[in-house]
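Let me begin by presenting the structure, written as structure tokens, before commenting on it.
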Amino acid sequence: MPDLRRQVFESGKTISRKAASREGSRRTSRTASAQNSHQSSRNASRHPSDEEDSGNLSDETALSIGSLDDLTDNPEVDNNNWTQELGDVIEDILDRKRSSVLSREECYAAFCRLLKCHYAEEHIRNRVNDLLAAFYRSVKFESSVRETTLALRALELLVITAFDNSIYENVEPILTRSIRDSTSTLVKAAAVHCLGACTLFGGAGEDGILDQMTFLLDIAASDGQSIDAADDPTCVSAALQEWGALAVEVEDLEGESEEAIQIFMDQLNSNESSVQIAAGENIALLYEKSYTPQEDDEDVEENEDDSENENLSERQGPKLIKRYDAYHDTHELGQQLQSLATVHSKRISKRDKKSLHSNFASIMTTVENPRRGPMYNTAIDQDTHRHYGSKLTVKIGRQGVMNIDRWWKWIRLNSLRRILQGGFAVHYYQGNRAVLDSLPVMVRQDTPADRGAAKKTAKSRNSRRWAVHEQSDEDY
């Protein structure tokens, strides 16, 4: 069986000391000629790089089940004087009168880096409204694509750090306007992600969540046309991903399930794997939500599927009972999922093909039996024709392990990882309330270092015992 302790995101990046200090040093060492060169040479239509931290991440697409099993911390982040640097950056952000587009871009990039790598709630607590106003202006005026996407990214990090329930109502109008009216699809996609984060962590409430789910579903159903981004996979995949993150928060989706799955099935025909996988994960989530735990006083007649479920070694927790049909034609859906789980088209890259295979094998397993959550590896016993597999285990930092046995956990983890990137473990261990409230408690694992220390202790103890034994013999 594959090692379950590999790096969780094959494309995820930690930040070296050199990269972490790059933006800060630019702010003090840049020259006028560098400013002019930087502005004139940038192509506004291209994706900013990961180092620019613009929110258009290299690993932002949906990720393979098979490649996600380790979420490490960020050991190379330089912690020296970060609080002082954050204070200086905030002052620069708020000093709008003496700022330029380039200086704001650099300040926002530095702010994103610092809030990503450190849980800074107490350091920004009294500046939340001022920072919101600054980011709001940058999104509203859209002076450059990079400034706007960085402002949206900074707003995401602010809302997940501040845990302030007033943020959503203050920023929702400008985010919706940016999604609809911006001339840049990069800005539209970044605003979709930002809207999702602000809805989740900024105090939208259930009504606000349902409103935004309808808005995002319209984007997916129209292939982006509803926001003047026709057939743009970045915007469509962003809408699908954020729809799933919001859907996790809604307890009962029976009324929405049929229409939503039909729309997601249409997106399974996309030419972009990120769109297909995001749609597939939402389908799995909706099937999972059609089953809920059996109540203590509930008497349910057991059928053959229930008996099989009782024999599955991977099942934990209360018994799950089917409440409604997630979709009227599971057979048709299953055929479509099967074709993606075994696709061999030469037009698809090897990496995308591997991602489609691993993700849709797991999605199909859940659709066939919604009691089964995401699995790292699935197979069928040829004698009993029953599915079996190993559960997805995510390692966080050096000693934390989280079992991702339900799709809602998987989707929440992906959402948090997209926002916090390599700083996820820092925020988890330092007590970010938004993160801790979103995911289950981890269990401590026995690490190789722990085992080594235990062996060393045992060896030392045995040596002392042997020395005492020898001395006793001689004295005797």
Side-chain angles (χ1 to χ4, degrees), residues 15 17-36 38-39 42 48 51-55 74 77-164 166-167 170-171 174-175 190 194 197-198 201-202 419-421 423 426-427 430 432 434:
I15 302 174
R17 295 177 186 273
K18 180 178 179 181
S21 62
R22 181 176 291 118
E23 292 295 343
S25 64
R26 281 179 180 171
R27 292 168 54 237
T28 58
S29 64
R30 67 180 186 270
T31 63
S33 61
Q35 292 180 29
N36 296 333
H38 189 81
Q39 278 186 306
R42 177 174 299 281
E51 290 182 358
E52 291 164 350
D53 203 1
S54 66
N74 224 353
V77 172
D78 189 350
N79 292 309
N80 295 331
N81 300 321
W82 72 268
T83 56
Q84 179 62 47
E85 183 184 359
L86 177 60
D88 293 341
V89 168
I90 290 175
E91 293 303 322
D92 288 344
I93 289 173
L94 301 183
D95 188 11
R96 183 93 179 185
K97 292 181 179 179
R98 288 190 291 272
S99 67
S100 64
V101 172
L102 179 59
S103 66
R104 289 194 295 272
E105 290 174 356
E106 294 185 347
C107 286
Y108 291 165
F111 181 86
C112 292
R113 169 174 54 82
L114 290 166
L115 256 67
K116 177 177 66 176
C117 299
H118 308 278
Y119 179 45
E121 189 272 336
E122 64 178 296
H123 303 287
I124 65 169
R125 187 179 301 152
N126 298 324
R127 312 305 295 271
V128 171
N129 290 334
D130 295 333
L131 289 167
L132 277 178
F135 302 149
Y136 188 104
R137 286 193 295 269
S138 289
V139 174
K140 178 179 180 180
F141 293 114
E142 199 169 322
S143 300
S144 75
V145 170
R146 186 172 186 243
E147 179 187 346
T148 309
T149 54
L150 281 169
L152 291 164
R153 174 94 175 100
L155 180 53
E156 281 187 289
L157 289 162
L158 180 69
V159 73
I160 201 172
T161 300
F163 209 70
D164 186 327
S166 67
I167 291 179
N170 289 323
V171 301
I174 192 63
L175 294 178
C194 188
C198 290
F201 307 115
I419 298 171
L420 296 170
Q421 303 174 36
V426 172
H427 283 255
Q430 292 185 5
N432 184 319

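Heads up: numbering here begins at 1 and tracks the sequence.
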Check this for me, if you would: do Glu156 and Lys116 make a salt bridge, where the nitrogen-to-carboxylate-oxygen distance has to be below 4.0 angstrom?
no
Please report the interatomic distance [atom1]([X]) to [atom2]([Y]), rounded to the nearest 0.5 Å.
| X | Y | atom1 | atom2 | result |
| --- | --- | --- | --- | --- |
| His118 | Leu86 | NE2 | CG | 8.5 Å |
| Ser103 | Asp95 | OG | CG | 9.0 Å |
| Ile124 | Leu131 | CD1 | CG | 7.0 Å |
| Asp130 | Glu91 | CG | CD | 9.0 Å |
| Cys112 | Ile419 | SG | CD1 | 12.0 Å |
| Asp88 | Leu114 | CG | CG | 10.0 Å |

Please find the pair of heavy atoms, one from [X] and one from [Y], that lie closest to each other, and give the distance.
| X | Y | answer |
| --- | --- | --- |
| Cys198 | Leu155 | SG-CG, 4.0 Å |
| Val139 | Thr148 | CA-CG2, 4.0 Å |
| His427 | Leu115 | NE2-O, 2.8 Å |
| Asp92 | Cys107 | CB-SG, 3.4 Å |
| Leu157 | Thr161 | O-OG1, 2.7 Å |
| Ile167 | Ala162 | CD1-CB, 4.5 Å |

Excluding sequence neighbours, so at least two apart, what forms salt bridge (Lys or Arg N to Asp or Glu O under 4.0 Å) with Arg104?
Glu147
Non-neighbouring partners of Arg125 that pass salt bridge (Lys or Arg N to Asp or Glu O under 4.0 Å), sequence neighbours left out:
Glu121
Side chains of Ser138 and Arg96: do they bring a donor and an acceptor to under 3.5 Å?
yes
Go through the steps to decide whether Val159 and Asp164 satisfy the test side-chain contact (heavy atoms from CB on, under 4.5 Å), and finish with yes or no.
CA-CA 7 Å; Val159 73; Asp164 186 327; over 6 Å; no
Report the relative orientation of the aromatic rings in Phe135 and Tyr108; use parallel for angles under 30°, tilted for 30 to 60°, perpendicular for over 60°.
perpendicular
Indicate yes or no: at least one non-hydrogen side-chain atom of His123 is less than 4.5 angstrom from one of Ile90.
no
Could you tell me whether the side chain of Val426 reaches within less than 4.5 Å of the side chain of Asn432, counting heavy atoms only?
no
Residues Leu175, Leu152; criterion side-chain contact (heavy atoms from CB on, under 4.5 Å); working and verdict
CA-CA 9 Å; Leu175 294 178; Leu152 291 164; 3.4 Å; yes
Start with the C-alpha distance between Thr149 and Arg153, add both sets of side-chain angles, then the distance that settles side-chain contact (heavy atoms from CB on, under 4.5 Å), and finish with yes or no.
CA-CA 6 Å; Thr149 54; Arg153 174 94 175 100; over 6 Å; no
Residues in side chain to side chain donor-acceptor pair (under 3.5 Å) with Gln430, at least two apart?
none
